[in-house]
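Only heavy atoms go into these numbers, but all of them, side chains included; no hydrogens, no water, no symmetry mates. Throughout, protein chains are lettered first and strands after them, A, B, ... in sequence-line order, and every chain is numbered starting at 1.
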Amino acid sequence: MPLSENEMERYSRQIVLEDIGLKGQLKLRDARVCLVGVGGLGNHIATQLVAMGVGYLKILDRDIVAVSNLHRQPLFDTSLIDYAKVEAAKKKLLQINPGVIIDALPVSIDYETAEEAVKDVDIVVDGLDSIEARYAVNAACVKHSMPFVYGSAITTVGAASTIIPGKTPCLRCIYPKARDDELPKCGTEGVHPSILTLISSIEVSETVKILLGKEPSLAGKLLFCDLTDLSFDAVEIKRSERCVTCSVPNGGEERVERQGFVEICGRERGSRVLMITPRGDLNLDMEKLHQVVSKGGYKVGVRGDVGLTFVYDERTKVSVLKSGIAVVTTRGSEEEALTIYRHIVVDKLGVSESQVGVVSSSKVVS
Amino acid sequence: MGEVVLQVPRFLSSLFKGEREIKLDASNVRNMVMTLSDRYGEDVKEKLLDGEGRLKAVLNVYVNGKNVRFTGGLDTSLNPGDKVTILPAVAGG
Ligand SMILES: [Zn+2]
């Protein structure tokens with residue numbers, strides 16, 4: 001189908017570009033993209049891809065909107081605090097461009113959900129904030145020969161590389177053994193909004209090149225940028241024949257256990273923000289969850305389609321997503337947070353303990 | 001004896017008096033760090049190594065594009081003409 005008059009007008013300023021043109025615009029309309037993470041990078045990536053007319057975008061994120069996101073995540077505003085990020089993002093993105101299809105999945109990225117992410121798309125774009133989650137996506141992309149555009153940023157620095165399985169090194173070739181608990185995090189180190197727009201734009205530019213059948217510029221290269229002196233270093237990286245993901249057949253068990261608990265550090269003053277991740281997607285009945293919460297006498301803060309936030313007591317606020325992931329902001333302990341979670345999800349909603357599978361010996365990332 | 005070429009990314013160049021390309025004799029990566037430390041000051045060691053003398057977790061050294069974490073870390077041997085660079089792992093977003 002040719003572009004409609006409306007589409008011609010909407011995309012006119014990029015159709016005139018030699019790099020895109022009419023043919024390119026049609027390719028973008030047919031394109032299917034997965035964006036993992038709609039935080040600091042993902043906000044800008046999603047906005048650009050949707051505004052440019054990429055026909056289908058799948059977005060995955062486990063987080064809810066917090067006030068401390070708003071300085072760098074312009075899809076969200078004050079009225080959307082406590083909503084699931086994917087839900088808030090989808091709403092805004094469809095306002096920007098009603099002509100695209102968006103799948104919004106409120107899930108945490110691990111080796112299982114990464115498989116889900118890469119299914120039925122042409123390319124995967126990185127908006128994550130964790131190296132371990134990226135390893136999972138990288139592994140799924142290598143397994144399914146799916147291009148993966150890596151990008152990341154913290155403080156004033158950022159990095160990007162384009163991974164074409166079979167041709168370029170993969171993310172594990174670049175960073176073989178990194179661990180989240182050994183790397184700096186935005187929650188404590190901070191992040192400059194400008195490095196996010198810079199890196200996300202580079203990721204989008206690489207993505208569009210691949211979608212249009214052109215050569216990406218960062219294939220086999222690791223780009224490192226620093227805003228402090230606006231420096232750009234591009235280093236050629238080689239595939240390692242010892243890489244457990246892309247080179248050694250069944251070479252290493254790279255899977256990491258699904259974490260029961262992750263602490264999102266320093267997000268709210270005086271409180272801890274804990275994320276509880278059940279073993280699998282619980283696909284909760286949100287209507288029933290609302291009833292349980294209301295009947296329990298808890299004050300409902302925000303009620304979205306895929307997330308519900310309520311005040312448990314004066315110390316604790318809880319957001320539960322449809323997937324069963326919960327974000328608990330509390331002055332109490334992890335044990336208390338788990339007890340509250342079990343009370344609602346197991347006792348009241350009737351989900352079995354084995355499905356939940358959250359262990360109390362928690363791994364806390366701080 | 002031929003020399004190894006260290007390509008210094010800008011974010012580290014202040015450690016090396018602004019130099020962006022340094023030629024030196026070194027038989028392995030550890031040796032390279034020590035030579036650089038002798039030449040440019042103790043800051044080099046502090047910036048690159050942790051308290052136990054290992055390469056800092058956040059840093060990666062690439063020899064001809066290959067991460068030395070695959071090849072013995074600081075013990076990775078260097079040959080004349082090898083191109084070495086150092087970049088941090090970036091994982092935020
Ligand atoms: Zn690899």
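- Both the backbone and the side chain of A:Arg242 come within less than 4.5 Å of a heavy atom in chain B.
- The candidate from A:Ser231, A:Ala133, A:Ala153 with the greatest count of non-hydrogen atom pairs under 4.5 Å with chain B is A:Ala153.
- The part of A:Leu196 that comes within reach of chain B is its side chain, from C-beta onward, which places non-hydrogen atoms under 4.5 angstrom from that chain.
- Only the side chain of A:Pro184 has a heavy atom closer than 4.5 Å to any heavy atom of chain B.
- Atom NZ of A:Lys92 has more than 12 heavy atoms from other residues, nucleotides or ligands within 6.0 Å.
- Ion pairing between a basic and an acidic side chain is recognised when a charged N comes within 4.0 Å of a carboxylate O; B:Lys66 and A:Glu241 show such pairing.
- Summarising the geometry of A:Gly158 relative to B:Val90, their closest heavy-atom pair is CA-CG1, 4.3 Å, with the distance given to 0.1 Å.
- Interface remark: A:Ile174 contributes backbone and side-chain atoms alike to the contact with chain B (heavy atom separation under 4.5 Å).
- Pairing each heavy atom of B:Asn67 with each of A:Cys173, the nearest pair is CB-O, 3.8 Å.
- A pairwise comparison of heavy atoms in A:Tyr175 and B:Pro88 identifies OH-O, 3.9 Å as the closest pair.
- Using a 4.5 Å cut-off between heavy atoms, A:Phe232 makes no contact with chain B at all.
- Side chain of A:Arg134 to main chain of B:Ala91: a donor-acceptor pair is present (N/O by atom type, distance under 3.5 Å, no hydrogens or angles).
- For A:Asp226, the part lying near chain B is the side chain, with the backbone staying farther off; criterion is any non-hydrogen pair under 4.5 Å.
- Atom-to-atom distance recorded for A:Lys177:NZ and B:Asn60:CG is 11.0 Å, nearest 0.5 angstrom.
- Between chain B and the residues A:Ile131, A:Ile154, A:Asp229, the most heavy-atom pairs under 4.5 angstrom are made by A:Asp229.
- Side-chain contact check for A:Glu236 versus B:Thr85: every heavy-atom pair is 4.5 Å or farther apart.
- For B:Tyr62, the part lying under 4.5 angstrom from a heavy atom of chain A is the side chain only.
- Rounded to the nearest 0.5 angstrom, B:Arg20 CZ and A:Asp233 CG are separated by 5.0 Å.
- Of the atoms belonging to A:Glu182, heavy atoms from both backbone and side chain fall under 4.5 Å from chain B.
- Of the inter-residue distances, the one linking B:Phe70 atom CZ with A:Lys238 atom NZ reads 14.0 Å to the nearest 0.5 angstrom.
- When every heavy atom of B:Gly92 is checked against every heavy atom of A:Leu41, the shortest pair comes out as O-CD1, 4.2 Å.
- Of all the listed residues (A:Gly127, A:Ser130, A:Pro176), the one sharing the greatest number of non-hydrogen pairs under 4.5 Å with chain B is A:Pro176.
- For chain B, the option among A:Ala159, A:Gly39, A:Ser240, A:Gly40 with the highest count of heavy-atom pairs below 4.5 Å is A:Ser240.
- For A:Val235, the part lying near chain B is the side chain, with the backbone staying farther off; criterion is any non-hydrogen pair under 4.5 Å.
- With a 4.5 angstrom heavy-atom cutoff, A:Arg72 does not touch chain B via any of its atoms.
- For A:Asp129, the parts lying under 4.5 angstrom from a heavy atom of chain B are both the backbone and the side chain.
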